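Keep in mind it's a predicted model, so treat the numbers as computed, not measured.
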Amino acid sequence: MEGVSRTATLNKSNGMDIKMKSAVVGAATVAAGLMIALGAYIVEFSGGPSEESMALSSVTAADPNRSPYGVPPHPSADPLSAQSVEVSALEFEHFKVEPVRERDFTIQREAVGNIAFNDYLSVPVFPPFQGKIINLFANAGDDVKKGAPLYTIDSPDLVQAGSTLISAAGVVRLTTRVLNRDKKLSAVQGIPQKELDQATSDQQAAEGSLKAARDAMRIFGKTDADMDRIIAQRKIDPVLVVQSPITGRVIARNAAPGLLVQPGNTPAPYTLSDISTMWMLANVAETDFPLLQLGEETDVTVKAYPSRSFHGRIVNIGASVDPTTHRVLVRSEIDDPQHELRPGMFAAFVIHTGTTVKSPAVPLNGTLREGDGSMTVWVTTDHKRLVKRTVTVGMQQDGFAQVLEGLQPGELVATDGALFLSNALTEASR
């Protein structure tokens, strides 16, 4: 009985193991089926390898250097062809080709500064004596002639000078009559010689005093006719007219009616300047200082007249260098007969040193600045292929650029249309 029971138990356990294994195998089979179905679904909706991809693969495999899209690669394999453009005869007519020629370039230096009045031709107009301003006849910015009245003052000193003039004139008349009378008496020995000599001395002293009084009146601006009228009328006009000492422009007015003014008391009632010449004050780099000489010519341009150039010359070079900017103050005198320049204008000027150098030159239209700052030109030898060449450019004068490196005289360059050729090269390289 015990053996039968153990056998039944063993058979029961084996039956359970067989069922579990069958379940595992069934689950694996179902999972595999699902994966196969999912793969078929993906293939159905995504598609297999296209004809285009297969073609691209075949093209690439046949020629690894060939672009899979039929576009030629960037022309970098040949540096010469990458920097050159071939044009047709019709296209060649759009630009001009000329041989490189040598030109004389004047060594010059450029600087910036500002316009100022010529201080050597500017003058403050003070009254000759103390007085109170009565009337004013000019405003700031007015152009005045020499001798034109600027203002009048009521001066007690003028009254005193006029009184001295009248008194001296009276003494001269008296001493002259006395001298004439003594001469007649001396002729008949009516007076001693001593009295005649004294009369002569008095008359000469009186004439000296009258001359001094007239000179004093001239300081007040009185003419000989004015003084003769004062002597004849014995009347003094206390009003002093202060006149312009030069022909120029009123650049400052610090006067008003009733203001008490006196000689040398700044600011002056009026300040005038001769504007036929102006100053250009510029700061020049100390490295250019050895090239500067007094009297050298300069060309000045201002933004108000961009198409015009004002000519001048250096009249002063600073005696010291600014320790902060390391620049030297240079003053040029500019001719301005039309009175067009104004002080404070920002100006640029070119200093001609007088030394010239001969160098290959290219018209400015034939040069092109690249993105990296280098300058290029287009060179040809057969009027068909144009090759871009990098050059070193120096001065620019009279529409030409000085070529320091990269070109030799006689080489053919495109003097017009460099931008067109650059655009053609850019299109060809895309």
Worksheet item: Please walk me through it: do Phe346 and Val112 pass side chain to side chain contact (heavy atoms under 4.5 Å, CB included)?
Response: CA-CA 8 Å; Phe346 182 81; Val112 295; 3.8 Å; yes
Discussion item. What verdict does the side chain to side chain contact (heavy atoms under 4.5 Å, CB included) test give for Val377 and Leu407, after you've listed the backbone C-alpha separation in whole Å, the side-chain angles of each residue and the deciding distance to 0.1 Å?
Written reply: CA-CA 9 Å; Val377 297; Leu407 280 179; 3.9 Å; yes
Item to complete: Would you sort out whether Val302 and Glu340 count as a side chain to side chain contact (heavy atoms under 4.5 Å, CB included), showing the intermediate values?
Response: CA-CA 11 Å; Val302 295; Glu340 296 171 309; over 6 Å; no
Practice prompt. Could you check Asn139 against Val250 for side chain to side chain contact (heavy atoms under 4.5 Å, CB included), going step by step and ending with a plain yes or no?
Written response: CA-CA 7 Å; Asn139 296 316; Val250 178; over 6 Å; no
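The shortest side-chain heavy-atom distance between Met278 and Phe117 falls under the 4.5 Å cut-off. Within the 4.5 Å cutoff, side-chain heavy atoms of Arg173 are placed close to those of Ile231. Side-chain contact between Asp274 and Asn118 is absent, with no heavy atoms from C-beta onward closer than 4.5 Å. Annotation: side chain of Asp322 is not in contact with side chain of Glu286 (no heavy-atom distance under 4.5 Å). Between Thr298 and Ile314, some side-chain heavy-atom pair lies under the 4.5 Å cut-off. Counting only heavy atoms from C-beta outward, the side chains of Asn365 and Lys96 never approach each other to under 4.5 Å. With contacts defined as side-chain heavy-atom distances shorter than 4.5 Å, the pair Asp104/Lys358 qualifies. When side chains are defined from C-beta on, Pro127 counts as touching Tyr151, because their heavy atoms get closer than 4.5 Å.
Separating the OG atom in Ser359 from the CD atom in Glu102 is a distance of 7.5 Å, to the nearest 0.5 Å. Of the inter-residue distances, the one linking Asp372 atom CG with Thr390 atom OG1 reads 7.5 Å to the nearest 0.5 angstrom. Rounded to the nearest 0.5 Å, atoms CZ (Arg253) and CG (Asp142) are 9.0 Å apart. Separating the CG atom in Leu150 from the CG atom in Asn135 is a distance of 12.5 Å, to the nearest 0.5 Å. Rounding to the nearest 0.5 angstrom, the gap separating the OG atom in Ser155 from the CG atom in Asp237 is 11.0 Å. Taken from NZ in Lys222 to CG in Leu240, the straight-line distance is 6.5 Å, to the nearest 0.5 Å.
Looking at every heavy atom in both residues, Met395 comes nearest to Gln397 through SD-NE2, 3.6 Å. Of all heavy-atom pairs between Leu260 and Lys132, the closest is CD1-N, 4.1 Å. For the residue pair Gln130 and Asp157, the shortest heavy atom distance occurs at N-OD2, 3.8 Å. A pairwise comparison of heavy atoms in Thr301 and Arg308 identifies CG2-O, 3.5 Å as the closest pair. Closest non-hydrogen pair, Ala111 versus Asn283, comes out as CB-O, 3.9 Å. Between Val328 and Ser320 the shortest heavy-atom distance is CG1-O, 4.2 Å.
Heavy-atom contacts from other residues, nucleotides or ligands closer than 6.0 Å to CZ of Arg218 number more than 12.
Looking at Thr266, its side chain never comes within 3.5 Å of a backbone N or O of Ala268 through a donor-acceptor pair. In this structure, Thr380 contributes its side chain and Arg385 its backbone to a donor-acceptor pair below 3.5 Å. Listed for the Ser167 side chain is no donor-acceptor partner under 3.5 Å among the backbone atoms of Thr164. Formation of a donor-acceptor pair under 3.5 Å by the Thr376 side chain with backbone atoms of Leu368 is found in this model. Not one N or O on the side chain of Asn254 forms a donor-acceptor pair closer than 3.5 Å with the backbone of Pro267.
By the 4.0 Å N-to-carboxylate-O rule, Arg214 lies close enough to Asp228 to be salt-bridged with it.
Thr277 and Glu333 share no side-chain donor-acceptor pair at under 3.5 Å. Using modelled atom types and a 3.5 Å distance limit, the side chains of Asp226 and Thr223 yield a donor-acceptor pair.
Ring orientation note: the planes of Trp279 and Tyr120 are nearly perpendicular, at an angle over 60° on the 30°/60° scale.
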